[in-house]
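Basis for what follows: all heavy atoms, side chains included, without hydrogens, waters or symmetry-related copies. Naming: A, B, ... by sequence-line order, numbering from 1 per chain.
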There are 2 protein chains.
Amino acid sequence: MVRVGLTAARLTEAAGELADEIGLDKLTLSALARRFGVKDASLYSHVKNLRDLRVRIALRASEGMTDRIATAVAGRAGKDALVAFADAYRGYALEHPGRYAATQMRIEPEEVADSAGFRRSVELTYGMLRAYGLTEPDLTDAGRLLRSTFHGYIHLELSGGFGHSRDVQASWSRSLDALHVLLENWPSRHDGNKR
Amino acid sequence: MVRVGLTAARLTEAAGELADEIGLDKLTLSALARRFGVKDASLYSHVKNLRDLRVRIALRASEGMTDRIATAVAGRAGKDALVAFADAYRGYALEHPGRYAATQMRIEPEEVADSAGFRRSVELTYGMLRAYGLTEPDLTDAGRLLRSTFHGYIHLELSGGFGHSRDVQASWSRSLDALHVLLENWPSRHDGNKR
DNA sequence: GCAGAAACCTAACACCCCTAGGCAGTGGTC
DNA sequence: GACCACTGCCTAGGGGTGTTAGGTTTCTGC
């Protein structure tokens with residue numbers, strides 16, 4: 001019996017690659033086992049079940065993504081930081097669509113087991129927004145808006161939601177310009193009047 | 001043999017309800033057949049396969065959603081129209097999460113078979129944006145940004161991505177305020193300088 | 001009333017998730 | 001060096017799902 005040397009970590013890594021190649025929804029324990037030349041049942045010694053595997057991918061990916069964003073943002077502020085953040089975010093998602101999709105799963109707090117990725121990601125966002133002079137609860141609102149826009153854009157881009165009429169990269173740049181303007185002119189509280 | 005009276009339309013409708021209840025990813029032909037008291041194989045006379053069923057849900061849902069938006073937006077312009085559009089969009093998605101998820105599928109042009117939903121949806125968006133004085137290619141860019149933000153927000157909201165710290169509805173309202181400001185101050189072309 | 005279409009069925013295959021229990025190398029202990 | 005516990009991987013098997021092929025029963029239009 002030849003032992004391949006499976007580990008939860010090696011499985012997670014390979015599963016992430018596989019998810020990037022064929023899509024997270026098509027990631028299957030059988031396929032992963034096949035890639036290692038091993039039977040499906042063998043994986044259950046290392047990984048609780050399919051959901052567990054996906055959660056592991058998500059936690060690992062959110063760390064990698066946050067690292068990338070942190071590096072990009074380091075030493076920048078204002079629009080520089082916004083663009084660096086956004087491009088790093090989008091870059092990771094486009095290069096690793098499967099892993100990125102995993103980060104969007106609903107994950108219960110007890111599954112997270114204190115992974116640094118999510119927390120640091122929030123801190124990075126808030127730091128960037130504070131440079132625009134925002135304070136709570138505007139920080140939360142603007143943070144939600146930014147995350148929504150980034151995620152929505154990438155989701156639509158990856159799912160082919162944009163026609164091929166206009167360059168997606170150009171739209172992205174313009175959108176970042178617009179978001180910068182938005183953050184600089186964030187409406188003050190109780191400013192809900194129209195026009 | 002008791003006939004239930006299956007039709008592609010009835011199946012699509014029921015499948016949409018089922019998807020709203022249990023989630024699009026858990027929508028299964030077996031479950032749908034069970035709901036009708038029928039064997040899985042029987043569905044294949046009406047529907048090509050699972051993907052075909054999902055596409056049908058998507059096309060039907062995008063029509064329903066567009067109707068709702070069109071009604072909400074009718075006779076409004078500027079911020080009124082923006083808020084009406086956004087609330088109708090979000091309202092549909094929150095009430096029909098399964099059907100909404102279907103509308104986000106990658107659908108090939110030949111599968112669409114000229115469904116009015118998607119086209120009208122684009123027209124509605126563009127009409128709203130023209131009221132802000134935008135012209136191409138800003139129309140496309142702003143449209144993409146709006147769609148991204150709406151979709152991203154709802155996706156995060158539905159997937160529990162927002163903590164329970166601050167009221168989601170309040171954040172949504174503030175985001176719409178901000179988007180209104182953004183559209184009024186849409187940066188003119190070649191205005192990419194910083195700060 | 002009949003022919004053909006339509007609705008629904010059974011049977012069968014492939015793929016997947018997951019559990020239970022078994023065996024064979026591996027490393028530690030005396 | 002012999003023993004033993006551990007663990008990595010196995011086989012076997014049950015249950016769910018998607019899909020095709022080909023039958024049988026009911027409905028419908030003439």
Atom [atom1] of [X] and atom [atom2] of [N]: how far apart are they, to the nearest Å?
| X | N | atom1 | atom2 | answer |
| --- | --- | --- | --- | --- |
| B:Phe36 | C:dA7 | CZ | C1' | 14 Å |
| A:Leu11 | C:dC17 | CG | P | 13 Å |
| A:Lys39 | C:dC15 | NZ | P | 12 Å |
| B:Arg10 | C:dC8 | CZ | C1' | 14 Å |
| A:Leu43 | D:dG8 | CG | C1' | 11 Å |
| A:Ile22 | C:dC16 | CD1 | C1' | 13 Å |

If we ignore angles and hydrogens, is there a donor and acceptor under 3.5 Å between the side chains of [X] and [Y]?
| X | Y | answer |
| --- | --- | --- |
| A:Ser148 | B:Thr149 | no |
| A:Asp87 | A:Trp172 | yes |
| B:His151 | A:Tyr153 | no |

Pairing of A:Arg35 and A:Glu21 as salt bridge, 4.0 angstrom limit: yes
According to the interplanar angle, ranging from 0 to 90°, do the rings of B:His96 and B:Tyr92 count as parallel (below 30°), tilted (30 to 60°) or perpendicular (above 60°)? tilted
Measuring from the side chain of A:Leu6 (C-beta onward, heavy atoms only), which nucleotide among C:dT10, D:dC9, D:dT11 has the closest atom? D:dC9
Tell me whether the OP1 or OP2 atom of C:dA6 has a side-chain N or O from B:His46 closer than 4.0 Å. no
D:dG8 phosphate, OP1 or OP2, under 4.0 Å from A:Ser42 side-chain N/O: no
Would B:Arg144 pass as a cation-pi partner of A:Phe162, given that its NZ or CZ must be under 6.0 Å from the six-membered ring centre and within 45 degrees of the axis? yes
Can you give me the N/O atom pairs linking the protein to nucleotides 14-18 of chain D at distances under 3.5 Å, or say none if there are none?
| from | atom 1 | to | atom 2 | distance (Å) |
| --- | --- | --- | --- | --- |
| D:dT17 | OP2 | B:Arg34 | NH2 | 2.7 |
| D:dT17 | O3' | B:Thr28 | OG1 | 2.8 |
| D:dG18 | OP1 | B:Thr28 | OG1 | 3.1 |
| D:dG18 | OP1 | B:Leu29 | N | 3.4 |
| D:dG18 | OP2 | B:Thr28 | OG1 | 2.8 |
| D:dG18 | OP2 | B:Leu29 | N | 3.1 |
| D:dG18 | OP2 | B:Ser30 | N | 3.2 |
| D:dG18 | OP2 | B:Ser30 | OG | 3.2 |

